[in-house]
Every structure is written in structure tokens, then in C-alpha cells.
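Here the structure is laid out as C-alpha cells; the discussion comes afterwards.
All ligand and atom numbering here is 1-based and tracks the order in the structure. Residues take their numbers from the sequence shown, with the count starting at 1. Heavy atoms only: backbone and side chains are in, while hydrogens, waters and symmetry mates are out.
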Amino acid sequence: MTKIAVCGIAGRMGQRLAHLVLESEDLELVGATEREDHEVVGRDAGEAIGVPELGLVVTSGLEPVVDMADVAIAFTTPDATLRDAGICAAAGTSMVVGTTGMSDEQLDRFSETVAPITCVFAPNFSTAMNVLFELVERAARVLGEDYDVEVVESHHRFKVDAPSGSALRLAERAAAGHDKKAADVLVHGRHGKPGERTRQEIGMHALRLGDVAGDHAVFFGAPGEFLELRHHATSRDSFALGALRAARFAATTDVGLYDMGDVLGLG
Ligand code: NAD
């Protein structure tokens, strides 16, 4: 049995992760955390996810449970994830991290912090989305800069960062197909009179509406045609099941910082 701690158990992803751990035959839920002012702290984890008592108390930090866990899974906030990364690194506990919205400085700090442990960090844990990352880079390379690239993403109204980490990864892969860096060619939205589109720019557009779990489309357009490559997440289980696959990988893989592509053997 691989022992799992779920950080942010009352969150949208935390709840699905915990449910799927409980449903699995090879994973055991040994820890559950929430932010210290959350009403579920100190209560049974079953209450936090709407199932009968589990005999596991939700804690406000990973410290009390980190030694019991083989892998801590964090889909929380950048600050909370950085703190949990430090706790896991000190304890030698592996991590799976899906939190998005870290600044460049936080990303650097995160990579340094998790250096002593096994960690899978990905902006999107869905298997099909990771296939899309590959397809987008290949399409960009084959089509070249004659085809304008635009990324459009949609997410639920509660999402706090924009554009999504997955949309940024799609732009990075499209830019890589043009032997460029996304940071040098990304244009976020357009308004006023931005002038004609440059050939090399990659447009990025974020929609926030309703309860969309995640929708990403990459368009490649040239005179006479456009190609649309699209991923549509119909529920959060695509991410949660991928994260559990990553947890099994992390529990059996040497120290290192990995991506979901490594878990799936892509690239
Ligand atoms: P959410 O707001 O529903 O859940 C986050 C949870 O973390 C909340 O319950 C919050 O109280 C908790 N939290 C905050 N601070 C904490 C702390 N110090 N300790 C413990 N828990 C703490 O958000 P969500 O929709 O579940 O998304 C969470 C993150 O995961 C976001 O960054 C989102 O973009 C990302 N995400 C990534 C993927 C992926 O595949 N990589 C998929 C979906 C969401």
C-alpha cells in the first residue's frame, strides 16, 4: 500500500483526490490538511469530503502526518505548497504537486526546496492533455511560423490565476516548435489598437465562466485554413486520476524533479 497525504482536502481537487484514494486498492489515506482557519481542521477527514468517519483528523499543517506518508499530494496555493515542500524535503517524503500560479521566483525556490526528494510537478495531470502538449509542439514545428498560433482557455469562475498553467505550457510547447521561448513571444489578450499581428507572436486568451473544469484550444491559422487542437476536461477526475498515477510513480522512483510527461513515458 502506498500511503498518501492530501493537502487542502476540502478543496475542489483535494476532495476528488481523497475520494479516489479511498476507492483505490493500492493507496491508503494517512494524512489530510487544510489551511489553519478552515472549519474542517480538527474534524474527521470523512466530514471534509462527505463520507462516513475515517478515523483521520484534518490537521492545519503537514508536520504531524508527513512521516506516515510515502507521498504528499498538493493542489493548494503557491505559499502553502512552498511550505509543504519544505516539510516534505526535511522528512524525505515524496510529493506530487499540481498547484499553479507560482511566480518565477516561487518556481525557482520550489525547485531548490524539492531537490532532495522525488517530486512530480505538472500544470496538468490529465493524460490526454499531456498528449496534447506533444501534439502542439509537433504541429508548430511542422506548420512553422506561417501559421499564427493562438491559445484560448476556459475555466470556472473561481479560478484565481490566469492564464492557466496548462495554457502557459501549451504556449511554451508551441514556441519550442518554433525554436523560441514563450516569454519572448506571448501576447496576453488584445485591446485598443495593437496593430497588425506579428508572425511570431502567440496570442493568449483566458475565459472565466460557470463551472468549466478546464478547456484548452490551440489554433494554428494561415490563409485558407485553420487547425484547432483541443482538450476538454469533463470532470476533475482526469487530473485527480493522473495525480494518483504520478503518486505511484513518485513512490517507486529515485530522487528528482519530474513532469507528468516522465510519468507517462512521453517525449
Ligand atoms: P480550491 O481553492 O478549491 O482548493 C484549494 C484548497 O487548498 C482549499 O480548500 C484551501 O483552503 C486549501 N489551502 C489553502 N491554504 C492551505 C494551507 N496552508 N494548508 C492546507 N490547505 C490549504 O482550488 P482547486 O480548484 O482545488 O485548485 C487548487 C490548485 O490546483 C490551483 O492552483 C489550481 O490551478 C490547481 N489545479 C491543477 C491541476 C493540474 O492538473 N495540475 C488541475 C486542477 C487544479
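For atom 17 (C) of ligand 1, the nearest non-hydrogen atom of the protein is Ala80 CB, 3.5 Å. Considering only non-hydrogen protein atoms, atom 16 (C) of ligand 1 sits nearest to Arg35 CB, 3.5 Å. From the protein, the heavy atom lying nearest to atom 4 (O) of ligand 1 is Gly11 CA, 3.3 Å. Counting protein heavy atoms only, atom 39 (C) of ligand 1 is closest to Pro123 O, 3.3 Å. Protein heavy atom closest to atom 13 (N) of ligand 1, with residue, atom name and distance, is Glu34 OE1, 3.8 Å. Considering only non-hydrogen protein atoms, atom 31 (C) of ligand 1 sits nearest to Thr76 O, 3.8 Å.
Atoms of ligand 1 lying under 4.0 Å from at least one heavy atom of Thr100, given by number and element, are 32 (O), 33 (C), 34 (O). Residue contact check: Lys159 has heavy atoms under 4.0 Å from atoms 34 (O) of ligand 1. In the vicinity of Thr33, heavy-atom distances shorter than 4.0 Å reach the ligand 1 atoms 20 (C). Close approach of ligand 1 to Gly8 is summarised as follows: ligand atoms under 4.0 Å from at least one heavy atom of the residue are 7 (O), 12 (C), 20 (C), 21 (N). Heavy-atom proximity to Met13, at under 4.0 Å, picks out these atoms of ligand 1: 26 (O), 43 (C), 44 (C). Residue Ala10 has at least one heavy-atom neighbour below 4.0 Å for each of these atoms of ligand 1: 9 (O). In the vicinity of Thr99, heavy-atom distances shorter than 4.0 Å reach the ligand 1 atoms 32 (O).
In this structure, Phe75 has its ring center under 6.0 Å from that of Phe125.
The closest heavy-atom contact to atom 3 (O) of ligand 1, among the options Arg12, Met102, Gln15, comes from Arg12. Around atom 38 (C) of ligand 1, the closest heavy atom drawn from Phe121, Phe158, Phe75 belongs to Phe75.
When side chains are defined from C-beta on, Arg245 counts as touching Thr127, because their heavy atoms get closer than 4.5 Å. Looking at Asp44 and Leu54, their side chains come closer than 4.5 Å, going by heavy atoms from C-beta outward. With a 4.5 Å cut-off on side-chain heavy atoms, Leu27 and Arg248 count as touching. No side-chain heavy atom of Val185 sits less than 4.5 Å from a side-chain heavy atom of Thr198. In this structure the side chain of Arg138 never reaches within 4.5 angstrom of the side chain of Arg173, judged on heavy atoms.
Nearest approach of Glu34 to Gly11, heavy atoms of both residues: OE2-N, 3.6 Å.
Neither side chain, Gln200 nor His178, offers a donor N or O lying under 3.5 Å from an acceptor on the other. Of the N and O atoms on the side chains of Asp215 and His232, at least one donor lies less than 3.5 Å from an acceptor on the other residue.
A cation-pi contact links Arg169 to Phe133, judged by a cut-off of 6.0 Å to the six-membered ring centre and 45° from its axis.
Clustering of Ile, Leu, Val, Met, Phe, Trp and Tyr by side-chain heavy atoms under 4.5 Å joins Val65 with Val30, Leu62, Val66, Met68, Ile87.
Of the heavy atoms in Ala122, only backbone atoms (N, CA, C, O) come closer than 4.0 Å to ligand 1.
Looking at Gly98 next to ligand 1, an N or O pair under 3.5 Å apart turns up. When only interatomic distances are considered, the shortest N/O to N/O separation between Arg83 and ligand 1 falls below 3.5 Å. Considering backbone and side-chain N/O atoms, His38 never comes within less than 3.5 Å of an N/O atom of ligand 1. The shortest N or O to N or O distance between Ser60 and ligand 1 is not under 3.5 Å. Here's the thing with Arg236: none of its N/O atoms is less than 3.5 angstrom from an N/O atom of ligand 1. Taking any N or O of Phe125, backbone or side chain, at least one lies under 3.5 Å from an N or O belonging to ligand 1.
Under a 4.0 Å N-O distance rule, the pair Glu153/Arg208 qualifies as a salt bridge.
Considering only residues two or more places apart in sequence or on other chains, Phe220 meets the ring pair (Phe, Tyr, Trp, His ring centres under 6.0 Å) condition with none of them.
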